[in-house]
Colleague: 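Got a structure here, written out as structure tokens. Questions coming.
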Amino acid sequence: MAVHNREIADKFDRLADLLEIEDANPFRVRAYRNAARTVRGYPRSMSDLLEDGIDLTELPDIGDDLAKKIQTLVETGRLPLLEEVEERTPPALSELMKIEGLGPKRVRALFLELNIKTLDDLKEAAESGKIHEVAGFGDKSEEKIKERVEKFSGEAPRTMLIDAEEIAKPLLEYLQKAEGIKDVMIAGSYRRRKETVGDLDILITAKQGAEIMDHFTNYEEVEEVVSKGKTRSTVHLRSGMQVDLRVVPQVSYGAAQHYFTGSKAHNIAVRKLGIKRGYKINEYGVFEGDKRIAGETEKSVYDKVGLPYIPPELRENRGELEAARKGKLPKLITLEDIRGNLHAHTKASDGHNTLKEMAEAAAKLGYEYLAITEHSKSLAVASGLDKKQLLAHFEQIEKLNEQLDDIVLLKSSEVDILEDGSLDYPDDVLKELDFTVCAVHQKFDLSRKKQTERILRAMDNPYFNILAHPSGRLINKRDPYETDLEKILEAAKERDCFVELNAQPQRLDLTDEGCIMAKELGVKISIATDAHSTSNLEHMRFGIDQARRGWLEAKDVINCLPLKKLLKLFDR
DNA sequence: GCCGTTTTCGGCCCGACTGTTTTCAGTCG
């Protein structure tokens, strides 16, 4: 069973936590955290890299030592140093650090003074009033710990982007009403359009902060004010979302945007470039000595480190700085580049609208074409169509096409890939389709090898065109099924097949890393909404967000093509 | 523990807020 990058990264993070509690060299601690971030975000798995004989020290923040540790982890699943550290420092202490306000120093103090090793120990100590006796803790600290350990429910879940938008919208409207506000923007991973966000980072320009902070903390959805100052405040909303608000002067707006948009890794890399040129870069600007030499716009910040503007979606320190330096930043795809949608359902299977309604809605979005892709017969839960029903449905599509002026409906189907890798319709039916969208909908628990082989076998069918939602994951709900994505993409390239980036906000499948890998391997992508209603068609923008994070350009995406050229691609 | 277009040694991003302090450490982002 291959070790996931995520498992390796989690182990490094845990090791970093425990070492930090042991008061180890902070830079060594940081090295483990940096390595964890590199491994977690890397598009290919460490085990695949090792299998291909790639030297891991070529990865950023991985040196000789960590390369060896990764190799051991891949081979044995173990990290001996972590086990050694856990012998002397109770592993659950890293859990305690997840309580807001408890960092390594205070966790260590509680462990040494009161022998607190677990969350239960902490709860008991807080309730019996022992904590305020420890040096550095007072009554307030004890009270807060008591409250927070009570409410603590593990890792704070990340919110899907679409849900974050719903939370952000009324808050932004409310904030606009404050006196003296000029600009308002949401920075952070929200602006980088990450598929999920941990909190909202809101940035405001204004001369005075104090009244704005009062206005902010008085928002009716605020449940708890965590901290409140003149330039920065943090609250928790009733939804559970944390919101950080920062107020900066207008001259610092660009520097602040850059700083609070992140990612952290990108910022650090940019600041290092600044240091090389003798500049200090912070949220207030670019400084040469005490003199601010840039910072009113983001562009001015990049200017000073000799780079062109880098779009937020690329700011993950995944090679964008090098690409910018060489003038090789991608010309990222935009919503306007999209000419059609290649995955949609109607009432005929499990959609909510009629053919006509879907066609009109798609035409209204300015599309040239919309593919109708009802489920195939094996997917009974989604009212999959049998051969007869499908062909009858196609007749309706043809009839409707005769009436439609500004859009063409394509005859397709979301064809199930059965367990043995065969497709859910015989070839004499498949040949009636303009193209196929093929997908795994059952038997998610096959081994990685079997699942991969199943998909490769399906691609061997000459009528296979697009692999839909390639991992099957549902964000925060269902893990992806196990596959070797690289093998699948290589096979797709060989067989002239395509891979879908499913734009449903809960799917966003391919991931951004998957897009990067597909682009490197030369596999073209279909960004499609898998719409089950007319309003779902507008989810295309989430697919575009994800595609931009995945470095995709219009030329990498097949539904940026006019219809004639598109249809040619489906002739294998 | 990583890294190098001044360095293979000696650096490593930096500012705001809180609570417990009497001048600042710890935490957070």
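Here is the naming used below: chain letters follow the sequence lines, and residue numbers restart at 1 for every chain.
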Colleague: Considering only atom C1', compute the distance from dT7(B) to dC3(B) and round it to an integer number of Å.
Modeller: 10 Å
Colleague: Rounding to a whole Å, what distance do you find between K230(A):NZ and dA16(B):P?
Modeller: 11 Å
Colleague: What's the gap between dG1(B) and dT5(B) when it is taken at their C1' atoms, as a whole Å value?
Modeller: 24 Å
Colleague: Work out how far the P atom of dT20(B) is from that of dG15(B), and round it to whole angstrom.
Modeller: 26 Å
Colleague: Indicate yes or no: at least one non-hydrogen side-chain atom of R318(A) is less than 4.5 angstrom from one of E513(A).
Modeller: yes
Colleague: If we ignore angles and hydrogens, is there a donor and acceptor under 3.5 Å between the side chains of S94(A) and R14(A)?
Modeller: no
Colleague: Quick one: do the T118(A) and D120(A) side chains pair a donor with an acceptor below 3.5 Å?
Modeller: no
Colleague: Are D17(A) and K98(A) close enough for a salt bridge, meaning some N to O gap below 4.0 Å?
Modeller: no
Colleague: Using a cut-off of under 3.5 Å, enumerate the N/O to N/O pairs linking the protein to nucleotides 25-29 of chain B.
Modeller:
residue : atom : partner : partner atom : Å
dT27(B) : OP1  : G103(A) : N            : 2.7
dT27(B) : OP1  : G103(A) : O            : 3.1
dT27(B) : OP1  : R106(A) : N            : 2.9
dT27(B) : OP2  : K105(A) : N            : 3.1
dT27(B) : O5'  : G103(A) : N            : 3.4
dC28(B) : OP1  : G101(A) : N            : 2.8
dG29(B) : OP1  : Q242(A) : NE2          : 3.1
dG29(B) : O3'  : R246(A) : NH2          : 3.0
dG29(B) : N2   : Y259(A) : OH           : 3.0

Colleague: I'd like to know whether E288(A) forms a salt bridge (charged side-chain N to carboxylate O under 4.0 Å, His left out) with K304(A), so could you lay out the CA-CA distance, the side-chain angles of the two residues, the decisive distance to 0.1 Å, and finally the verdict.
Modeller: CA-CA 11 Å; E288(A) 189 167 25; K304(A) 286 294 168 202; over 6 Å; no
Colleague: Does the side chain of K228(A) get closer than 4.0 angstrom to OP1 or OP2 of dT18(B) through an N or O atom?
Modeller: no
Colleague: Could you state the CD1-C1' distance from I202(A) to dA16(B), rounded to the nearest angstrom?
Modeller: 18 Å
Colleague: Between dC12(B) and dT18(B), how far apart are the C1' atoms? Round to whole Å, please.
Modeller: 27 Å
Colleague: Go through the side-chain N and O atoms of S45(A) and N5(A) and say whether any donor and acceptor fall under 3.5 Å apart.
Modeller: no
Colleague: If anything within 90° of 0 is syn and all else is anti, what is dT7(B)?
Modeller: syn
Colleague: Distance from E322(A) atom CD to L307(A) atom CG, nearest 0.5 Å?
Modeller: 11.5 Å
Colleague: Partner lookup for dC28(B), please. Criteria are Watson-Crick or G-U wobble with both distances under 3.5 angstrom; report none if nothing qualifies.
Modeller: dG15(B)
Colleague: Rounded to whole Å, how long is the line connecting atom CD1 of I145(A) with atom P of dG19(B)?
Modeller: 12 Å
Colleague: NZ of K272(A) versus C1' of dC14(B): gap in Å, rounded?
Modeller: 13 Å
Colleague: Using the 3.5 Å cut-off, write out each protein N or O paired with an N or O of nucleotides 1-7 of chain B and the distance between them.
Modeller:
residue : atom : partner : partner atom : Å
dG1(B)  : OP1  : Y32(A)  : OH           : 3.0
dG1(B)  : OP1  : K69(A)  : NZ           : 3.4
dG1(B)  : OP2  : R28(A)  : NE           : 3.3
dG1(B)  : O6   : N25(A)  : ND2          : 3.0
dC2(B)  : OP1  : G63(A)  : N            : 2.8
dC2(B)  : OP1  : G63(A)  : O            : 3.4
dC2(B)  : OP1  : L66(A)  : N            : 3.0
dC3(B)  : OP1  : D61(A)  : N            : 2.7

Colleague: Quick one: L203(A) CG to dA16(B) P, roughly how many Å, whole number?
Modeller: 14 Å
Colleague: Any side-chain heavy atom of T297(A) within less than 4.5 Å of one from Q257(A)?
Modeller: no
Colleague: I'd like the C1' distance from dT21(B) over to dA25(B), given in whole Å.
Modeller: 9 Å
Colleague: Please name the residue in the list E313(A), E320(A), E316(A), E195(A) that meets the salt bridge (Lys or Arg N to Asp or Glu O under 4.0 Å) test with R549(A).
Modeller: E316(A)
Colleague: Below the 4.0 Å mark, does dT18(B) have OP1 or OP2 next to a side-chain nitrogen or oxygen of S141(A)?
Modeller: no
Colleague: May I ask you to evaluate whether S227(A) reaches the phosphate of dA16(B), defined as a side-chain N or O under 4.0 Å from OP1 or OP2?
Modeller: no
Colleague: Under a 4.0 Å N-O cut-off, is there an ion pair linking K194(A) with D545(A)?
Modeller: no
Colleague: For nucleotides dG4(B) and dT8(B), find the distance between their C1' atoms and express it as a whole number of Å.
Modeller: 8 Å
Colleague: Taking 4.0 Å as the cut-off, does a side-chain nitrogen or oxygen of N282(A) come that near to OP1 or OP2 on dC14(B)?
Modeller: no
